[in-house]
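Data first, discussion second: the structure below is written as structure tokens.
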2 protein chains.
Amino acid sequence: MKVKVKNKMLLKDYFTYKSKRGLKTSQKRLFIIDYFLNEDRHFSIEELYHEIRKINSQISFSTVYRTLRLLTDCGLAQECCFAEGMVRYEPVHKARHHDHLICRKCGRIIEFENSEIEKLQNHVAKKFGFLVVSHALELYGLCTMCQKKQRRS
Amino acid sequence: MKVKVKNKMLLKDYFTYKSKRGLKTSQKRLFIIDYFLNEDRHFSIEELYHEIRKINSQISFSTVYRTLRLLTDCGLAQECCFAEGMVRYEPVHKARHHDHLICRKCGRIIEFENSEIEKLQNHVAKKFGFLVVSHALELYGLCTMCQKKQRRS
DNA sequence: ATGAAAATGAAAGTCAAAGTCAAAAATAAG
DNA sequence: CTTATTTTTGACTTTGACTTTCATTTTCAT
């Protein structure tokens, strides 16, 4: 099995991290990283494993699990703990921090950013003498499509 | 064992729910509910169990667990999934919705509300055609005390 | 090519959350 | 007040989402 990487640019941070830590790059790991970064979605470990398994059934759950943690360590992925109770991983694009709209019905996740909200958050923190390191904002509800479906039935 | 309730008003919703569902009120359940509502903190099941156990060692983990779920069902408690990964329960005062400042060092949790942020949230949701049902906003960082401690060391 | 070091897969281990069921407690009926 | 019926309890088991272990396989510097 020899993996053709779709987009080498995305892997740059991984290779830096790899050299620094003396890692070796297996073809399986490469496949998982490339798939994850190019899909650019919010995967649970289970989900990513099942999708990958359909394409390459020789990759185990352990390897998917460990690769996601590896990506988190080298800053290419980020853990999200939404209210479902299960951890999801999202690719960290070089872009700015963002928050999430999450559909309670179909699970669709939309990213957004709003500097006005961030400003207000810092303002609130200041009022309580808090030093904010990170934050999480999730809006749960129904996406456009699921609202339409509900009206019909 | 006969429980003296500290504040009957807080139990009103429970008794309404109880009648509607044909529940029975054991003294143990009553004790847990009264303790939880009067402490008014963000308990994990484990924490609440251990505190209660110090006062009344005849109450089991199962009962604390089930009572917290019961309170959630009747609207007197709400689950919070903070980034720790463990579920916490907070009493739902009749007051408005609020968000949280959470200290990464000592675990202190401060509640706040900010209608400006809420307005902006709804505005963002609208832009994406989303119907917001609930939301969660957590600011993680260091509280005043932990900042001072850190500077000293 | 080869051997030291890292990665993999299958299995076992964790741990909080959820479920099971016989015994105990609460309430309704007589 | 006693008995009957229903709910609650506590000890236990099960589940499920991770997490680790270790023998085997793969990578890669020499």
Side-chain angles (χ1 to χ4, degrees), chain A residues 1-3 5 11 14-15 17-36 42-50 52-53 56-74 77-89 107, chain B residues 1-3 5 11 14-15 17-35 42-50 52-53 56-74 77-89:
Chain A
M1 175 201 174
K2 197 75 186 170
V3 172
V5 169
L11 293 168
Y14 165 69
F15 282 113
Y17 182 85
K18 171 199 122 114
S19 312
K20 215 165 29 185
R21 299 280 291 257
L23 304 183
K24 297 178 178 175
T25 302
S26 73
Q27 294 301 301
K28 290 176 182 179
R29 182 182 285 171
L30 198 59
F31 181 83
I32 298 169
I33 297 179
D34 191 54
Y35 187 87
F36 175 74
H42 297 72
F43 282 108
S44 69
I45 304 174
E46 201 72 31
E47 281 171 7
L48 182 56
Y49 168 62
H50 283 301
I52 281 180
R53 201 172 171 72
N56 184 334
S57 63
Q58 295 310 299
I59 294 176
S60 74
F61 181 88
S62 302
T63 302
V64 174
Y65 166 77
R66 281 186 287 229
T67 302
L68 283 173
R69 307 215 81 197
L70 182 66
L71 287 174
T72 305
D73 285 345
C74 70
Q78 187 157 25
E79 294 189 354
C80 312
C81 304
F82 300 144
E84 318 158 275
M86 176 186 8
V87 176
R88 287 179 179 280
Y89 292 82
Chain B
M1 173 204 177
K2 198 75 185 170
V3 172
V5 169
L11 293 169
Y14 165 69
F15 282 113
Y17 182 84
K18 171 200 122 113
S19 312
K20 216 165 30 187
R21 300 280 291 256
L23 303 184
K24 295 177 178 175
T25 302
S26 73
Q27 293 302 302
K28 290 175 183 179
R29 182 182 285 169
L30 197 60
F31 181 83
I32 298 169
I33 298 179
D34 189 54
Y35 186 86
H42 297 73
F43 282 109
S44 70
I45 303 173
E46 201 72 32
E47 281 171 7
L48 181 57
Y49 168 62
H50 283 301
I52 280 181
R53 202 172 170 68
N56 184 336
S57 63
Q58 294 310 300
I59 293 177
S60 74
F61 182 86
S62 301
T63 301
V64 173
Y65 167 76
R66 281 186 288 229
T67 302
L68 283 173
R69 308 214 80 201
L70 181 67
L71 287 174
T72 305
D73 287 343
C74 70
Q78 187 158 26
E79 294 188 355
C80 310
C81 306
F82 300 145
E84 316 159 89
M86 177 189 6
V87 176
R88 286 180 180 279
Y89 291 82

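On a predicted model such as this, the values are computed, not experimentally measured, just so you know. So you know, we letter chains A, B, ... as the sequences are listed, proteins then strands, and number each from 1.
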Sugar-phosphate, base or nothing in reach of A:S44, heavy atoms under 4.0 Å: nothing
Distance in angstrom units between B:F82 CZ and C:dA16 P, rounded: 18 Å
Rounded interatomic separation in angstrom, taking CG from B:N56 and P from D:dT9: 12 Å
From D:dT9, D:dC18, D:dT27, nucleotide with atom closest to A:S26 side chain: D:dT27
Length of the CZ-P vector between B:R53 and D:dG10, whole Å: 10 Å
Protein-nucleotide distance (A:F61, atom CZ; D:dG16, atom C1'), rounded to Å: 10 Å
Touch class at under 4.0 angstrom, heavy-atom based, for B:Y65 against every strand present: base
Min side-chain heavy-atom separation B:I32-B:L71 under 4.5 Å: no
Nucleotide nearest B:K24 (side chain, heavy atoms from C-beta), chosen from D:dT20, C:dA17, D:dT5: D:dT5
Candidate nucleotides C:dG9, C:dA7, C:dA17, ranked by approach to the side chain of A:T63 - the nearest: C:dG9
5'-most by nearest nucleotide on DNA chain D - A:S62 or A:E46: A:E46
A:R66 (side chain) and D:dT21 (base): donor-acceptor pair under 3.5 Å: yes
Nucleotide of D:dT9, C:dA17, D:dT20 approaching B:M86 most closely (side-chain heavy atoms): C:dA17
Phosphate OP1/OP2 of C:dA26: any B:K28 side-chain N/O under 4.0 Å: no
Sugar-phosphate, base or nothing in reach of B:Q58, heavy atoms under 4.0 Å: sugar-phosphate
Touch class at under 4.0 angstrom, heavy-atom based, for A:G22 against every strand present: sugar-phosphate
Pair A:L48-A:Y89, side chain to side chain contact (heavy atoms under 4.5 Å, CB included): steps then yes or no: CA-CA 10 Å; A:L48 182 56; A:Y89 292 82; over 6 Å; no
DNA chain C: 5'-proximal contact among B:K18 and B:I45 (nearest heavy atom): B:I45
Of B:Q27 and B:R88, the one whose closest DNA chain C nucleotide lies more 5': B:R88
Geometric class of the A:Y49/A:F61 ring pair [parallel <30°, tilted 30-60°, perpendicular >60°]: perpendicular
